[in-house]
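Some notes on the structure that comes next.
For ligands, and for the atoms within them, numbers begin at 1 and follow the listed sequence. Basis for what follows: all heavy atoms, side chains included, without hydrogens, waters or symmetry-related copies.
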Amino acid sequence: MSVLLIKGGTVVGPTGATPADVLVDGETIAAIFAPGRGPQDVETIDATGKYVIPGGVDAHTHMELPFGGTFASDTFDTGTRAAAFGGTTTIVDFAVQRTGEVVQDGLAAWHAKAAGNCHVDYAFHMILGGFNEDSLKAMDQLVTTEGITSFKLFMAYPGVFYSDDGQILRAMQRARENGSMIMMHAENGPAIDVLVQQALARGETDPIHHGITRPEALEAEATSRAIWLASVAADCPLYIVHLSASKALEQVAAARDLGRNVFAETCPQYLYLTLEDQLGAPGFEGAKWVCSTPLRPRDEPHRADLWRGLRTNDLAVVSTDHCPFCFKDQKELGVGDFSKIPNGIGSVEHRVDLLYQGVVDGKLSLQRWVETVATTPARMFGLYPRKGVIAPGSDADIVLYDPAGRTRISVDTHHMNMDHSAWEGYEIAGKVDTVISRGTVLVSGDTYHGRAGHGRYVPRGLSDYLV
Ligand code: DUC
Ligand code: ZN
Ligand code: ZN
């Protein structure tokens with residue numbers, strides 16, 4: 001097993017930024033030294049001028065998700081390689097139980113897709129897409145023997161992944177008993193479907209109508225309903241995924257002020273992109289940014305409120321909801337009918353950079369950057385302290401981040417399996433320099449040293465945050 005000293009950098013974690021040298025022994029971090037006090041006779045990586053941060057943990061990805069008659073275009077191979085390039089060394093992907101399918105069969109299918117193909121470590125949440133009596137028993141089994149401690153339910157997508165309030169309540173009650181977390185796609189699907197049919201009947205078929213027919217009120221209403229249902233289930237832990245709207249955030253903040261087990265994430269697209277500028281792009285171009293929840297109107301306060309929520313911890317985590325589809329043949333399924341555009345944006349490669357830009361812009365502290373992209377997702381989903389922190393005994397998942405570097409995002413240079421970039425032309429005043437996963441250097445400058453099969457399945461424990 002090789003020994004490696006990362007020398008001369010500034011180690012950043014939730015509690016501060018400190019000049020320190022990090023000793024890696026094999027797959028784990030062995031020690032942290034005051035600068036220059038580590039062993040002299042070992043291999044070194046010079047981190048002078050760089051931030052040394054825990055590898056990113058993206059707690060929301062959808063590799064190969066079946067959706068809208070097609071599949072998300074990144075495989076576990078291409079998607080985790082792209083993640084590595086962007087400084088993310090662990091993903092938590094969503095295994096899927098389709099309607100009518102046995103939960104464990106859905107999980108086995110997800111293991112089969114991922115095993116031997118991942119470049120970085122991976123874990124799973126489980127989507128309960130066909131909730132019934134057996135799902136309740138399966139939840140217990142997944143928590144106790146499979147290392148899956150969080151379950152996603154959908155208040156949206158009737159006829160596909162949708163659960164009604166009774167199903168949601170029963171899942172929440174079971175989660176309260178077995179200690180797991182309910183993750184909620186909080187949008188009122190039946191009401192959205194009415195608006196979609198009305199829009200199509202009026203001939204409103206362009207991509208922007210995807211956003212207009214999913215208004216803030218229907219995200220806020222569903223978020224509020226989920227929070228109330230969780231209170232009926234004895235304060236079942238609840239995590240709202242891809243929160244995009246100010247009024248939904250208000251619901252989360254109010255619950256948190258009462259000390260409730262309510263948490264939320266947002267995604268880079270909601271922090272930067274808008275209904276008018278992207279979804280409303282000319283012609284069919286806006287299809288690139290069709291995702292749910294949708295991008296929100298530019299002149300409303302959503303983006304500023306989400307940045308503030310990240311600072312105040314009403315938003316605990318930034319994930320990507322990485323769900324890429326190519327424009328050609330995939331997004332194009334919705335030409336002439338926005339409701340047929342597969343929902344999703346690909347960002348797994350860019351999350352760490354895009355949030356670092358928030359530091360540069362004065363919207364987040366350096367510590368909060370690391371906390372929201374690595375430490376808190378690890379703690380939220382039972383991966384800590386193995387992941388999400390630079391500390392003796394933790395996995396040596398380490399990123400050297402160069403604040404003097406620059407990243408220009410483009411389809412020409414990204415590594416995701418997509419024929420466009422939702423972030424084309426974005427410039428970040430910083431750059432992922434070196435990426436290490438369990439002691440193995442995957443990325444060094446622009447050179448890739450990783451391989452499919454390096455990434456391992458990581459069974460998860462219960463969330464650290466539950467009261
Ligand atoms: N939202 C998306 O944009 N894509 C996949 C599923 C989801 O909820
Ligand atoms: Zn969702
Ligand atoms: Zn998702």
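Among the atoms of H62, an N, O or S atom falls under 2.8 Å from the Zn ion (ligand 3).
Each of Q269, E187, R296, H302 was evaluated against S244; a single residue qualifies, R296, per the side-chain hydrogen bond (donor to acceptor under 3.5 Å, both in side chains) test.
Proximity to Y157 (heavy-atom distance under 4.0 Å) selects the following atoms of ligand 1: 1 (N), 7 (C), 8 (O). Listed by number with element, the atoms of ligand 1 under 4.0 angstrom from any heavy atom of H242 are 8 (O). Each of the atoms 2 (C), 3 (O), 4 (N), 5 (C) of ligand 1 lies under 4.0 Å from some heavy atom of N343.
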TODO: Start with the C-alpha gap between K328 and D419, add the side-chain angles, then the distance that decides, and say whether salt bridge (Lys or Arg N to Asp or Glu O under 4.0 Å) holds.
DONE: CA-CA 8 Å; K328 187 162 171 29; D419 62 359; over 6 Å; no
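Outside the 6.0 Å centre-distance limit, the rings of Y426 and H350 are not counted as a close aromatic pair.
In terms of polar-atom proximity, defined here as any N/O pair under 3.5 Å, S292 does make such a contact with ligand 1. The shortest N/O to N/O separation between H185 and ligand 1 falls below 3.5 Å.
Under the 4.0 Å criterion applied to side-chain N and carboxylate O atoms, E133 and R170 are assigned as salt-bridge partners. No salt bridge links R438 with D397; every basic N to acidic carboxylate O contact stays at or beyond 4.0 Å.
Using cut-offs of 30° and 60° on the angle between ring planes, the pair F263 and Y465 is tilted. The aromatic rings of Y448 and H119 sit tilted, their planes meeting at an angle between 30° and 60°.
With a heavy-atom cut-off of 4.0 Å, C323 touches ligand 1 through its side chain alone. Of the heavy atoms in D321, only side-chain atoms (C-beta onward) come closer than 4.0 Å to ligand 1. Here K152 has side-chain heavy atoms under 4.0 Å from ligand 1, and that is the only part of it that gets that close.
The side-chain tip of K331 does not point at the ring of F325 from less than 6.0 angstrom away and within 45° of straight on.
Protein N/O/S atoms closer than 2.8 Å to the Zn ion (ligand 2): K152 NZ, H185 ND1, H242 NE2.
Atom NZ of K340 sits in a sparse spot, with 12 or fewer heavy atoms from other residues, nucleotides or ligands closer than 6.0 Å.
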Show me, pair by pair, the donor-acceptor contacts under 3.5 angstrom made by side chains of residues 155-164, not counting sequence neighbours?
from, atom 1, to, atom 2, distance (Å)
Y157, OH, N343, OD1, 2.9
D164, OD1, G166, N, 3.0
D164, OD1, Q167, N, 2.8

